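Indexing begins at 1, ligand by ligand and atom by atom, following the structure's order. The basis for the numbers below is simple: all heavy atoms, side chains too, and nothing from hydrogens, waters or symmetry mates. Everything numeric here is computed off the predicted structure, so don't read it as measured data.
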Amino acid sequence: MSFPKGFLWGGATAANQCEGAWNVDGRGPAKTDVTTGGSVKEPRKITYVDKDGNGHAVADRNFELPEGAHYAVLDDYLYPNHDGIDFYHHYKEDIALFAEMGFKVFRMSISWSRLYPNGDEETPNPKGLEFYRNVFLELKKYNIEPLVTIWHFDTPLYLEEHYGGWNNRQLITFYERFAKTCFNEYKGLVKYWLTFNEINNTVMMLDLFGNKGDDTQYQKAYQQLHYQFVASARAVKIGHEIDPENKIGCMICGITFYPATCDPADILLNRHNWEKNIFYCGDVQCFGKYPTYAKRLWKEHHVELDITKQDLQDLKEGVVDMYTFSYYMSSLVTTHQVKDQVSGNFTAGARNEYLKYSDWGWAFDPTGLQYYLEMVYDRYEIPMMVVENGLGAFDEVEEDGSIHDPYRLDYYREHIQAMDKAICNGVDLIGYTTWGCIDLVSAGTGEMRKRYGFIYVDKHDDGTGTMERKK
Ligand code: P53
């Protein structure tokens, strides 16, 4: 094996999916707290109360509140993120288990609304600051390096409701304040940071959820993304000023796209798809400027952006130190009619006859990981980390209380072999954190039964469970 000495092996989580304690110690709600549980067939719903006081639940990722309405928790629904796996009260036990597995790194995120309950306050919530400090101190006991995501899909709900979320330029300032607090507060405890989780999802999910053709959605998505790029760049700059030791990365949802046929039109479409959904974000965050093809992408959906001179300067000055990404699957791209569509919890395109698929329709493709690593490293030549990779599956507890997941062992073995090959071919890969080193609430479906963990957690979709941890 070619993995360098000091390679950062470990696991990854996100605050809103594992902490629970959603309204404890002054934390404010996030969108996930008004999002119900779902399944591979049934999308999660967002709940709200309209101006006449009637409750509603809508399954629309791009949903926007009608006039006079407000997001609300309704009696008839379950909200799995409220409890998560109660990492908030179990972190000592969980970190001890991570240490037992030999973790060198633990990826986690800081819940924005735990530090700033509404998001627009001037000063942070001391209880929130204290919680993360305790977690970092606990990790330090075992020499586990924290890798901290600043934003993992959890903008404070108040900012969504009162400012329109990332449609509003002011979010840059609020995010900047939040990020600055994190860098200042945890200086010396945290060295590895990620500014935005899967930043490319903002645009890519419109494609993957088949919203094609709706230009107003793309207009909004590209504009939100621009504000996020600027926020990210400013955070990188501040992070470096506060501690030059900080290593700050971008984080891209890494799907390896292939053309479905050898029709040149498919080959070209595939290239354009890489630009639109993968390279666009990496290029801005690693090169500090918009790529030449950006104009083509904007034109495709008649997008006109609010970009200032200062924004462009910020992008230039906030180039990331490393490229990190999640990797779960590859996907096919074609101009032809798709006969065999993969069915899963989002449209993953045409079925690839050479690959196997998970119960959620995600392609098992370790070679795609090698392809991605080599392709992207060649473009940026900066250190890379795979910060999410794993297999969501139905894990069963046997009568004797043991849990066996040979399918997951195969999954990891083959993905680790793929990374090994990429390193041999020159990729500067510095770390690997498996997704869901411990079971946690699925982001896509809100399920607990879509399990990822080395550690099983006794928590179920009907809300029951003791939260007991099992190896
Ligand atoms: P779940 C879509 C496609 C690939 C990764 O996903 C994605 C998504 C968004 O659902 O998200 C990342 O829990 C994300 C994590 C998430 C993980 O993949 O739907 O960064 O928060 O839990 C796995 O199985």
task = Sort out for me which residue in Asp461, Asp395, Asp359 forms a salt bridge (charged side-chain N to carboxylate O under 4.0 Å, His left out) with Arg449.
result =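 That would be Asp461; it is the only one of Asp461, Asp395, Asp359 passing the salt bridge (charged side-chain N to carboxylate O under 4.0 Å, His left out) with Arg449.
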message = Just to verify, what does His82 make a ring pair (Phe, Tyr, Trp, His ring centres under 6.0 Å) with, not counting sequence neighbours?
response =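 For His82, the residues satisfying ring pair (Phe, Tyr, Trp, His ring centres under 6.0 Å) (neighbours in sequence not counted) are Trp22, Tyr79.
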task = Decide, yes or no, whether a salt bridge links Glu64 with Lys220 under the criterion of side-chain N to carboxylate O below 4.0 Å.
result =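 Between Lys220 and Glu64 there is a salt bridge, with a charged N closer than 4.0 Å to a carboxylate O.
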ask   = Do the charged groups of Asp94 and Arg469 touch, with an N to O distance under 4.0 Å?
value =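 Looking at Arg469 together with Asp94, the answer is yes, because their closest N to O distance falls below 4.0 Å.
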ask   = Would Tyr328 and Trp435 count as a close aromatic pair, with their ring centres under 6.0 Å?
value =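 They do not qualify: ring centres at least 6.0 Å apart.
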key: Aromatic ring proximity, centroids under 6.0 angstrom, Tyr158 and Trp112   =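 Not under 6.0 Å, so no.
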inquiry  = I'd like the residue list for ligand 1, meaning every protein residue with a non-hydrogen atom under 4.0 Å from the ligand.
reply    =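 Ligand 1 is contacted, at a heavy-atom distance under 4.0 Å, by Gln17, His152, Phe153, Asn197, Glu198, Met205, Cys253, Tyr328, Phe346, Trp362, Glu388, Trp435, Ser442, Ala443, Gly444, Lys450, Tyr452.
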